[in-house]
Amino acid sequence: MIVVMKERASEVEVDSVIARLIELGMDVHRSSGATRTVLGVVGAGDVDRETIAILDGVHEVLRITEPYKRASRTYRPEKTIVTIDDVRIGGDEVIVMAGPCSAETEEQCDASAAAVKRAGAKIFRGGAFKPRSSPYSFQGHGEAGLKMLRQSADAHNLKLISEVMDISQIDLIAKYCDIFQVGARNMQNYTLLRELGHARKPVLVKRGISATIEEWLLSAEYILAGGNNDVILCERGIRTFETATRNTFDISAIPVVQKLSHLPVVADPSHGAGRRDMVPQLARAAVAAGADGLLIEVHNDPDRAWSDGAQSMFPEQFDRLMAELRIIAPAIGRSICLEAVARRGRAGRAI
Ligand code: PEP
Ligand code: MN
């Protein structure tokens with residue numbers, strides 16, 4: 001970092017700032033001009049900018065490197081590809097994860113999994129532990145829900161992602177799922193993130209409801225710092241002054257994150273829009289913006305869903321969206337669910 005001293009900072013003040021930085025384990029390179037002194041500070045330690053900014057004679061403290069290390073492109077210039085058997089998230093193929101908000105019944109899970117598989121999704125999504133705004137809303141079936149989800153995923157040859165809300169659920173969820181989802185409300189649950197750093201399965205971290213991109217990357221850093229390198233980021237919309245949509249889907253977060261970090265970034269247009277009639281537009285935009293994948297809520301009977309029905313797509317709508325994405329992805333040098341196209345042939349494309 002750079003410490004800019006005030007124009008009239010005294011020698012005593014400059015010396016005492018230097019002494020404090022050295023005490024904190026940093027190397028200091030002093031440069032004194034006609035009116036100001038500037039200190040270049042380097043070192044492995046983590047110095048809180050504010051504690052230096054408050055010292056006598058300091059005008060400004062500027063950071064020149066990101067506060068996250070392992071998550072940054074500087075640390076790892078090449079993109080991370082998270083691999084689960086033959087599914088590669090972060091490579092050329094745009095990976096689609098889709099399914100209902102919650103696991104409700106065996107029939108619902110099976111019908112939803114069949115629908116998303118037919119359309120070309122590679123990963124089944126569904127919640128068994130649900131973070132609901134109201135304690136009176138359906139909270140998920142817990143382990144029974146995980147069983148239903150796993151059974152349906154296996155029946156249709158899909159991988160499975162499901163939300164973990166608490167460290168007490170990690171072992172149980174690991175037994176059934178291929179990827180842990182950390183929800184927006186838990187993005188800053190540092191105890192959970194730390195524990196997931198020791199897990200041996202990939203973790204998808206959703207952006208917090210009012211989190212900056214830097215805070216989001218610092219959450220990913222917690223998991224990476226614990227030794228788990230398989231982290232996927234997910235933009236799901238943030239809370240702004242706008243009320244027309246459930247959240248404001250931050251499309252610019254996709255290129256910003258890809259510039260700052262090597263981690264794959266996927267988009268969740270369902271929670272971004274909050275309405276199924278707007279999900280296709282946001283999904284198409286996310287793929288065009290370079291998202292490495294999509295997380296979409298699809299339900300076999302969304303009007304009767306136990307949670308998030310309004311934003312869950314009908315299977316036919318999802319089919320149509322996937323057909324559109326198969327046109328958009330190649331335009332930016334990506335592929336998407338080629339397997340499903342080949343298998344379905346002309347009938348598949350005619351939707
Ligand atoms: C979900 O994926 O169903 C969910 C609860 O998402 P979020 O954490 O983004 O609100
Ligand atoms: Mn949901």
Side-chain angles (χ1 to χ4, degrees), residues 95-104 108-109 112 116 121 123-135 137-142 145-146 148-149 159-166 169 173 177-189 192-193 196 202-211 213 215-216 219-220 231-240 245-251 253-254 257 265-276 278-279 282-283 286 291 293-314 318:
I95 299 296
V96 179
M97 316 179 191
C101 182
S102 327
E104 299 163 9
Q108 169 250 9
C109 282
S112 302
V116 304
I123 301 172
F124 190 41
R125 66 138 281 151
F129 295 97
K130 295 303 304 176
R132 305 304 302 280
S133 301
S134 164
S137 304
F138 175 56
Q139 307 284 310
H141 284 309
L146 292 171
M148 294 176 198
L149 291 165
K159 304 294 177 207
L160 179 62
I161 176 168
S162 196
E163 179 159 356
V164 57
M165 289 173 61
D166 187 86
Q169 299 159 357
I173 294 175
C177 301
D178 303 295
I179 309 176
F180 292 103
Q181 173 175 321
V182 173
R185 290 155 194 81
N186 266 315
M187 189 207 84
Q188 287 180 315
N189 180 343
L192 177 63
L193 299 174
L196 289 169
V203 184
L204 176 141
V205 183
K206 285 195 159 193
R207 182 175 179 184
I209 288 167
S210 49
I213 291 174
E215 288 165 337
W216 186 21
S219 293
V231 178
I232 305 155
L233 297 161
C234 177
E235 164 60 40
R236 47 78 74 199
I238 48 174
R239 183 164 291 176
T240 66
T245 47
R246 183 174 177 182
N247 289 291
T248 299
F249 186 61
D250 183 8
I251 197 91
I254 299 165
V257 162
V265 58
V266 310
D268 169 357
S270 308
H271 291 83
R275 303 173 46 118
R276 73 173 77 98
M278 292 180 188
V279 170
L282 301 191
L294 292 171
L295 186 82
I296 300 183
E297 286 187 341
V298 179
H299 192 289
N300 62 311
D301 186 4
D303 287 336
R304 286 180 191 74
W306 298 8
S307 62
D308 284 349
Q311 67 192 33
S312 300
M313 299 185 91
F314 285 96
F318 183 60

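In each ligand, atom 1 is the first atom listed, and ligand 1 is the first ligand listed.
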Name of the residue among Ile213, Val257, Val203, Leu204 meeting side chain to side chain contact (heavy atoms under 4.5 Å, CB included) with Leu233: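 Output: one option passes, namely Val257.
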
Have a look at Asp308 and say which of its N, O or S atoms is nearest the Mn ion (ligand 2).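 Of the nitrogen, oxygen and sulfur atoms in Asp308, the Mn ion (ligand 2) lies nearest to OD2.
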
What is the name of the N/O/S atom of Glu297 that is nearest to the Mn ion (ligand 2)?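 The Glu297 atom nearest to the Mn ion (ligand 2), restricting to N, O or S, is OE2.
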
Check: Ser219 side chain, Met187 main-chain N or O, donor-acceptor pair, under 3.5 Å: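 Yes.
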
Taking the basic N atoms (NZ, or NE/NH1/NH2) and the acidic carboxylate oxygens, is any pair closer than 4.0 Å for Glu297 and Arg125?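 Yes, this pair counts.
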
Below 4.0 angstrom, N of the basic side chain to O of the carboxylate: do Arg276 and Asp303 qualify?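 Judged by the 4.0 Å cut-off on N to carboxylate O distance, Arg276 and Asp303 do form a salt bridge.
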
Output block, N or O contacts of ligand 1, threshold 3.5 Å exclusive:
from     : atom 1 : to     : atom 2 : distance (Å)
ligand 1 : 2 (O)  : Arg125 : NH1    : 2.8
ligand 1 : 2 (O)  : Gln181 : NE2    : 2.9
ligand 1 : 2 (O)  : Lys206 : NZ     : 2.9
ligand 1 : 3 (O)  : Arg125 : NH2    : 3.0
ligand 1 : 3 (O)  : Lys130 : NZ     : 2.9
ligand 1 : 3 (O)  : His271 : NE2    : 3.2
ligand 1 : 3 (O)  : Glu297 : OE2    : 3.2
ligand 1 : 6 (O)  : Lys206 : NZ     : 2.9
ligand 1 : 6 (O)  : His271 : NE2    : 3.4
ligand 1 : 8 (O)  : Ala184 : N      : 2.8
ligand 1 : 9 (O)  : Lys206 : NZ     : 2.8
ligand 1 : 9 (O)  : Arg236 : NE     : 2.6
ligand 1 : 9 (O)  : Arg236 : NH2    : 3.4
ligand 1 : 10 (O) : Arg185 : NH1    : 2.9
ligand 1 : 10 (O) : Arg236 : NH2    : 2.8

Which one of His141, His299, Arg304 satisfies the side chain to side chain donor-acceptor pair (under 3.5 Å) criterion with Glu104?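 Going through His141, His299, Arg304 one by one, the side chain to side chain donor-acceptor pair (under 3.5 Å) with Glu104 is satisfied by His299 alone.
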
Strictly by modelled atom types, are Asp308 and Gln311 linked by a side-chain donor-acceptor pair under 3.5 Å?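 The criterion, which ignores hydrogens and geometry beyond distance, is satisfied for Gln311 and Asp308.
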
How long is the span from the CD1 atom in Ile296 to the OG atom in Ser270, to the nearest 0.5 Å?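 It is 5.5 Å, given to the nearest 0.5 Å.
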
Taking the Mn ion (ligand 2) as the vertex, what is the angle from NE2 of His271 to SG of Cys101, given to 10 degrees?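 NE2 of His271, the Mn ion (ligand 2) and SG of Cys101 span an angle of about 170°.
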
